[in-house]
Amino acid sequence: MTGEPEPVAPPIFLERRSYRRRRLWDAVRLLPFLGAVLWMVPLMWPMPDGADGQGVSTSSALLYIFAVWVFLAFVARLLWRGTSQTADPPD
Amino acid sequence: MVTLNQLVFVCLAYVVGLFAVAFWAERAAIRGRGNRWLRSPMVYTLSLSIYCTAWTFYGAVGYAARSGLEYLTIYLGPSLVMIGWWWILRRLVRIGRSQRVTSIADLISSRFGKSNTLAVVVTVMAVIGVTPYIALQLQSVVLSLAIFAAPDPLLAVGEDGGFNKGQAAFWVAAGLAVFTLLFGTRNLNVNERHHGVVIAVAVEAVVKLFALIAVGSFVVWGLAGGLGETMARIDASAIGRWEVEGGRWVALTMVSAAAFLCLPRMFQVMVVENDEERHLQIASWAFPLYLVLISLFVVPIAVIGLDLMPAGSNPDLFVLSLPLSQGQNGLAMLAFLGGFSSATSMVIVATLALSTMVSNHIVMPIWLNAGSSGAVQSGDVRAVVIRARRLSVLLIIGFGFLYYRVSGGSSALAAIGTISFGGVAQFLPALLGGIFWRGGTRAGALAGLGVGFSLWVFTMLLPSFGQGAALSVATFEQGVLGLGWLRPQALFGVTGLDPTVHAVFWSVGLNALSFIVVSLVTFPDPIERLQGAQFVNVLEHAGPARGWTATLAGSEDLMIMSQRILGASEAQAFFASHARAQGLPGDLPEPTSDFVQALERELAASVGAATAHAMVSQIVGGTSVSVQDLMAVADESAQMLEYSSQLEAKSRELSATAAQLRSANEKLTQLSLQKDTFLSQISHELRTPMTSIRSFSEILRDAGSMSTEEKTRYASIIHSETIRLTRLLDDLLDLSVLENGQVTLYPAQGRLSDVLDRAQATALAGQSDPIRVVRDDGPEDIHLHTDLDRLVQVFINLVTNAHKYCRADAPELRITVTRRPDDLVVDFVDNGAGLNAEARAVIFEKFSRVAGQDGEGAGLGLAICREVMLRLGGSIEYLPGMAGTGFRVTLPLEAIEAPQKPDIAGISAAS
């Protein structure tokens with residue numbers, strides 16, 4: 001090879017840290033969808049009816065929904081910690 | 001027991017404290033101090049809590065007591081929006097910053113070509129949608145006051161002598177108006193932000209959270225006896241089972257998410273008052289946590305309230321009445337303050353946001369139109385804007401008060417809230433379509449908003465007044481004008497849906513559908529397309545791309561106008577800094593496109609994009625879209641199109657050139673081959689006579705004695721060979737001249753029969769046994785106008801050839817002349833053997849001689865004939881299918897002279 005410059009193309013594989021950062025941003029983007037899915041789980045809960053089941057008690061429903069809530073806030077905070085180093089999210 | 005007077009005193013003290021905090025914040029902001037506090041992400045997160053109004057504070061408990069866990073949807077939607085900040089809020093904040101957006105109406109109108117019509121529509125819709133909400137806050141404050149005033153707190157609702165609800169509502173409204181006026185309309189530039197208000201809202205956020213948690217803790221640990229016990233009592237209560245209808249769960253979550261984005265007050269604190277984009281991500285986890293805390297104790301309070309309070313008491317007020325009934329006056333006071341905080345902060349910010357919209361999009365345009373000379377007139381516009389804004393504040397709070405008085409404040413809090421949410425959710429398609437889809441047009445936005453809003457009024461707002469109130473019972477049952485598909489709670493015959501789900505589904509669905517369909521079939525004007533590109537690509541492009549053709553604008557006119565809006569000193573500073581940036585002495589910058597652009601942004605921050613645009617265009621005049629801008633509209637796609645078409649053209653050109661080159665190369669190769677052949681043939685032709693000349697001249701030189709006859713014989717051989725050489729060279733020269741097209745023709749007039757006579761005479765002159773020539777005089781009598789000498793040359797050649805090569809016993813050449821419609825044909829046919837196919841193919845080539853025939857010709861004769869005939873516009877070809885060898889000479893029609901001028905022809909031929 002002579003001293004010709006190689007054409008500059010965006011690298012396909014990133015080094016470990018930027019790879020991790022990108023996946024963190026992916027998580028930031030996907031988290032609301034996870035939240036939506038988890039919060040739509042109650043749609044599948046049985047309704048109390050006279051015949052068989054008692055349905056789901058309000059206390060357990062309350063626990064589930066608030067647990068998801070705290071979990072989402074917690075993950076969002078972790079992601080904020082992880083991504084706050086990068087000024088601009090990659091598009 | 002707390003007396004009403006004590007309560008009023010505490011309230012006033014609280015408000016004064018709030019005033020002090022707001023005042024301190026304003027002062028600190030002006031002096032540039034305390035930024036760490038004023039601009040902290042915590043304050044930003046807390047200011048978002050104006051989402052939680054008195055509806056949340058009181059109403060959520062009532063909601064839970066009535067419908068179980070459904071109340072949570074009101075918080076789940078906003079939590080999802082916050083957690084998904086990356087998708088929508090990030091864009092909104094970026095757009096708000098780069099376009100200096102002042103309100104949601106401003107954003108939508110700015111996106112769709114700075115249309116003031118759109119701004120007015122959105123403003124009116126927002127006012128209609130939010131007024132019940134403001135009334136709701138007044139109602140909650142009055143209700144909570146009434147509880148303290150009532151002799152028996154357990155009977156919360158009920159008119160009694162000591163307390164005039166109407167009066168109380170009036171004073172609450174007046175107090176809120178004063179607070180809003182003092183801190184909301186002091187400064188004009190919205191982008192300078194209302195630090196006082198934001199800090200006050202943050203403080204109130206803490207107060208209401210603290211109050212609700214205090215009441216909740218008291219209920220759980222004080223009344224119920226611990227967490228486990230509370231859980232057991234929850235399950236044992238009337239709302240102890242999960243009974244939320246799926247459709248409502250989804251629809252309400254979506255509506256509250258949409259309202260969170262579209263509520264004017266949320267837009268104000270989330271987008272307009274946002275200092276840093278970074279705060280958004282912190283709020284993305286902090287705000288959901290705030291919502292968790294504020295809704296945590298709602299169900300316990302509701303359940304214990306249902307347990308302890310007598311039947312018939314208003315569950316909306318359990319937060320207050322529970323502590324009161326237990327004699328916890330201090331806690332009740334705190335709860336009251338919490339509710340008061342929620343109500344006041346919401347009213348202040350909502351009023352602020354709405355008044356900005358009303359003054360910027362309704363009052364200012366009217367005022368600008370009313371002024372005779374428009375934007376360039378004397379007087380400080382700032383005063384007008386601020387007056388307009390203050391008027392709007394009073395107007396909006398007045399509307400709220402009026403609504404409260406008219407509606408009588410009887411409906412459940414949650415129902416009013418849901419209706420209001422449904423109303424503002426109608427902005428969602430235009431908003432999202434505007435920031436994600438460049439194809440959205442103004443007509444589409446107007447259509448969507450119109451359809452969605454009408455459906456909302458018909459299916460949600462009007463039915464909320466009850467059957468027989470705004471809409472008759474008949475309308476509910478049979479539809480408008482008896483049309484069954486126009487029933488407000490069963491549109492298009494879809495029955496069995498929950499009214500809320502039904503209303504949301506149809507209004508938002510058809511809203512989005514009309515927006516998309518109308519956008520698809522209409523065409524946006526240039527400003528719309530520019531704005532669309534900037535909004536949708538806000539994350540890619542840093543700066544604005546459009547500009548003013550500002551050469552017409554005098555800087556002075558702009559200066560006069562800006563002084564009146566920004567204030568004299570601010571405007572001068574702004575102009576001076578731009579003049580410095582342009583490197584000009586003095587304080588007046590050149591009105592470049594960039595400068596006018598910046599100025600418009602600056603003005604937009606005060607009076608809204610549409611108004612600022614209108615004012616600047618009044619001065620700058622004419623078009624606001626330059627050719628460069630139009631180029632920018634056509635940006636990437638057009639550039640790519642152009643580029644690819646250029647590439648295509650180039651590649652076409654290249655392939656055409658390559659084809660040309662290839663054919664040229666082939667021709668050259670062929671020519672080179674021909675030349676080689678030609679050279680070898682010609683050297684051979686020259687060599688033969690040269691050889692005999694040389695040998696005979698050597699004999700003459702070397703032979704000592706030689707008879708005179710011998711000498712004469714040898715010399716005459718040399719002579720004849722020389723003649724042959726000369727003739728060959730003459731022929732070659734002739735051919736080269738003909739082939740190069742350098743030949744000069746000498747057209748003359750003459751008769752064909754004469755030409756043939758000459759040719760026959762010349763060719764056969766001096767021949768011992770000439771070939772017999774058969775001719776027919778009749779058709780030959782044709783006058784020609786062409787180079788007769790050249791024609792004779794061709795004929796001579798043909799006759800000579802026939803004479804030389806015809807091997808018949810009685811050689812005979814038949815010359816036939818035929819006049820055809822578009823040419824003249826002369827055939828020379830002899831009675832010889834003819835030519836075989838091989839010979840025919842090459843007979844007209846140079847140096848081609850028919851094999852097996854001797855003769856002294858060099859084989860150039862027919863080649864010359866062909867060239868001559870080409871020059872004369874005719875042709876010569878071999879005539880197949882004859883008894884002997886035949887050639888056909890064709891002359892073009894132009895060569896034929898009309899026969900009525902024989903004299904002239906004769907003279908010409910003679911001369």
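The model shown is predicted, which means the values in this text are computed figures rather than measured ones. Order of the sequence lines fixes the chain letters, A, B, ..., with proteins taken first and strands second; residue numbering starts at 1 for each chain.
For B:V244, the part lying near chain A is the backbone, with the side chain staying farther off; criterion is any non-hydrogen pair under 4.5 Å. Interface residue A:I65: only side-chain heavy atoms are found under 4.5 Å from chain B. For a residue to count as touching a neighbouring chain, one of its non-hydrogen atoms must lie under 4.5 Å from one of that chain's; by this rule A:L43 touches chain B with the side chain only. Contacts between B:L80 and chain A at a heavy-atom distance below 4.5 Å involve backbone atoms as well as side-chain atoms. Looking at B:V299, only its side chain comes within 4.5 Å of chain A, counting heavy atoms on both sides. Interface residue A:F33: only side-chain heavy atoms are found under 4.5 Å from chain B. With a threshold of 4.5 angstrom between heavy atoms, A:L78 does not approach chain B through any atom at all.
Atom-to-atom distance recorded for B:M82:CE and B:T45:OG1 is 7.0 Å, nearest 0.5 angstrom. Between B:L261 atom CG and B:M270 atom CE the span is 5.5 Å, to the nearest 0.5 Å. Rounding to the nearest 0.5 Å gives a distance of 5.0 Å between CG of B:L48 and OH of B:Y44. Here the straight-line distance linking atom CH2 of B:W242 with atom OH of A:Y64 works out to 10.0 Å at 0.5 Å rounding. Between the CZ atom of B:R278 and the CD1 atom of B:I282 there is a distance of 4.5 Å, given to the nearest 0.5 Å. Put simply, CG on B:L252 and CZ on B:F421 are 10.0 Å apart, with the number rounded to the nearest 0.5 Å.
Within the structure, the side-chain hydrogen bond (donor to acceptor under 3.5 Å, both in side chains) test picks out the following pairs touching residues 68-81 of chain B (sequence neighbours left out): A:W69-B:S79, B:Y63-B:E70, B:E70-B:R248.
Residues of residues 217-226 of chain B lying within less than 4.5 angstrom of chain A, judged on heavy atoms, are absent.
No side-chain heavy atom of B:V508 sits under 4.5 Å from any side-chain heavy atom of B:V255. The side-chain heavy atoms of B:L431 and B:C262, taken from C-beta on, include a pair separated by under 4.5 Å.
In terms of heavy-atom pairs under 4.5 Å with chain A, the best-connected choice from B:L72, B:T230, B:V250 is B:L72. In terms of heavy-atom pairs under 4.5 Å with chain B, the best-connected choice from A:V75, A:L62, A:L79 is A:L62. When B:L76, B:L69, B:I83 are compared by the number of non-hydrogen pairs under 4.5 Å with chain A, B:L76 comes out ahead.
In A:F74, the CZ atom is not crowded: 12 or fewer heavy atoms of neighbouring residues, nucleotides or ligands sit closer than 6.0 Å.
B:S67 places no side-chain N or O within donor-acceptor distance of the main-chain N or O of B:A64, the cut-off being under 3.5 Å.
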